[in-house]
2 protein chains.
Amino acid sequence: MITELFLKGRLRQELSAAEKSVIEQSISRTITLGPRETFIDAGQRLENSYYLVEGQMLRYVDDPRGVRQLVHISVPGDFVDLHGYAMKRLDHDLGTLTECTLAEFPHEALSAMFAGSARLMRAMWFSTLLDASMHREWIRALNGLNSEARLAHLIAELVERMRLIGRFDGRALPIPLLQRDYANACGVSEVHCNRCFSNLRARGLITISRGGRLEVSDIEGLQQMAGFTGSYLYGGSSLDLDVMQDA
Amino acid sequence: MITELFLKGRLRQELSAAEKSVIEQSISRTITLGPRETFIDAGQRLENSYYLVEGQMLRYVDDPRGVRQLVHISVPGDFVDLHGYAMKRLDHDLGTLTECTLAEFPHEALSAMFAGSARLMRAMWFSTLLDASMHREWIRALNGLNSEARLAHLIAELVERMRLIGRFDGRALPIPLLQRDYANACGVSEVHCNRCFSNLRARGLITISRGGRLEVSDIEGLQQMAGFTGSYLYGGSSLDLDVMQDA
DNA sequence: CGCTGCATTGAAATATCTCAATCAATGTGG
DNA sequence: CCACATTGATTGAGATATTTCAATGCAGCG
């Protein structure tokens, strides 16, 4: 079931079978994209939102100078542009990292879904709040950590997010980011990023990193260096839909 | 009317008189806080959300080392912790910068409001999405701009946000941030922040900055240096509640 | 074999931090 | 009114962090 990962990674709580079914039925179609493709440009008017079933996507802004700045990395189970439902446009570009499978939700279908269930609307709202929470944590990392610790933080977050959806085997991070991508995300030059990788390797925290393959040998070490705790990924606690009762 | 600024700064569109009234009636009380007070600690369980009527508030995380990192600055018209409605806790601390007046919305009252109007729920959802949008822009600034341009960006954003709610007179930024605060927000040391201020002054972009008073002499210059456009403050366009029709 | 894309290394140039001191305004007690 | 303490802004200078430019290494691929 397509919604499975959404529940795992984002909501961490069961929706009822009926609710899952409503979500599934709002999908108009499923599409596949190749790796490193542009999908949505900033500013473009949107009629659909997309849920990432498989693969990873990048949310980025291209600098006037041509420098690409990653603002977020999406993994399976994420709605990649649910904020486009309320905003109608994105403030950033959206493209694929790997080959991706996306489920399309027409905004009309979402409106219909929400009209029938305030609870589902809250669940979706909550899931967009997690983005903001991740953004804040990343601002914190950019503000307070040096480049090596930032890199450690990024790796630790990706590992944890993959682990939450059952995609981490305890060793290799199954996301083929290039060192350039890590650099673009951490806001450092590619060269310096490479030196940070070397340092992390020298400390025994990671192992290889060739051809987009990165092995994590000491996740606790990474987390500690970065002051990482995953709590911001869950909204502090789990979503408590029942506390948000209908009056 | 208390909601006036919410509409100006966040929604930029009229809600109906009835809707405004519903919002106003959900306020349980109004409270006042002194300057530089802690209001909500990270992790604390929340039963209310607060709307900032007057003053400015800071959202920050205190480093283990004791360094304070600002993640957001709230101005009148902002719900300072609306995400606490869905999350039930904050991932950061919340405190005042100046004396503040806050309107309290019990989460129960919000639930009642939303049960009666999906449109209002969307308006509130939208307003939290603007936070995420501002966060992304700030990530972009931290990643791609040097410290001087970051400072210019921060000033330009605050000016624009105050202007949106009619609180900018074309000269002085009416927010008494210390250089330490700017430094904490920009992720630079206080000393270096001071040098950035000197540079901006030397370029003729700002004038004085003493006792928390900062005069903007060339807002276009600031914007240009920072690559600032205010579009992310409005969600790319204005909220189009009518597009989000009930099915 | 000779590309091409990505990772790595070296070294000089900048940006930023840290520590320490000074300055300017403001407030407080006598 | 003066002496002194406090807070925030400013300056200097050496230490680190990071960037930039340029070159090299390394693997897959036609």
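A note on names: the letters A, B, ... follow the listed sequences, proteins ahead of strands, and every chain is numbered from 1. None of the values given here were measured: they were computed from a predicted structure.
- Within residues 180-192 of chain B, the residues approached by DNA chain C to less than 4.0 Å at the level of any non-hydrogen atom are B:Gly187, B:Val188, B:Ser189, B:Val191, B:His192, in residue-number order.
- Contact check on A:Asp91 versus A:Arg59 returns no salt bridge, with no Lys/Arg side-chain nitrogen under 4.0 Å from an Asp/Glu carboxylate oxygen.
- Cation-pi geometry between B:Arg163 and B:Phe168 is not met: the NZ or CZ atom fails to fall both under 6.0 Å from the ring centre and inside 45° of the normal.
- Rounding to whole angstrom units, CZ of residue B:Arg201 and C1' of D:dT10 are separated by 9 Å.
- Atom CD in A:Glu148 sits about 14 Å away from atom C1' in D:dT16, given to the nearest Å.
- Distance B:Leu145 CG to D:dT19 C1': 15 Å, rounded to the nearest Å.
- In this structure, the CG atom of A:Leu178 is 19 Å from the P atom of D:dC26, given to the nearest Å.
- With rounding to whole Å, B:Ile208 atom CD1 is found 19 Å from D:dG8 atom P.
- Salt-bridge formation is detected for the pair B:Glu148/B:Arg203: a Lys NZ or Arg NE/NH1/NH2 atom is positioned less than 4.0 Å from an Asp or Glu carboxylate oxygen.
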Exercise for review: Begin with the C-alpha distance, continue with both residues' side-chain angles, and end with the deciding distance and a verdict on ring pair (Phe, Tyr, Trp, His ring centres under 6.0 Å) for A:Trp138 and A:His72.
Suggested key: CA-CA 9 Å; A:Trp138 192 239; A:His72 191 78; over 10 Å; no
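- When rounded to the nearest whole Å, the span between CG of B:Asn143 and C1' of D:dT18 equals 14 Å.
- The backbone N or O of B:Glu104 lies less than 3.5 Å from a partner atom in the side chain of B:Ser28, making a donor-acceptor pair.
- In this structure, A:Arg36 places its CZ atom 11 Å from C1' of C:dC6, rounding to the nearest Å.
- Of the side-chain N and O atoms in B:Asn194, one or more sit less than 4.0 angstrom from OP1 or OP2 of D:dT10.
- What separates CG of B:Asn146 from C1' of C:dA15 is a distance of 8 Å, to the nearest Å.
- The shortest distance between side-chain heavy atoms of A:Glu215 and A:Ile206 does not fall below 4.5 Å.
- Checking the phosphate oxygens (OP1, OP2) of D:dT20, no side-chain nitrogen or oxygen of A:Arg195 falls inside 4.0 Å.
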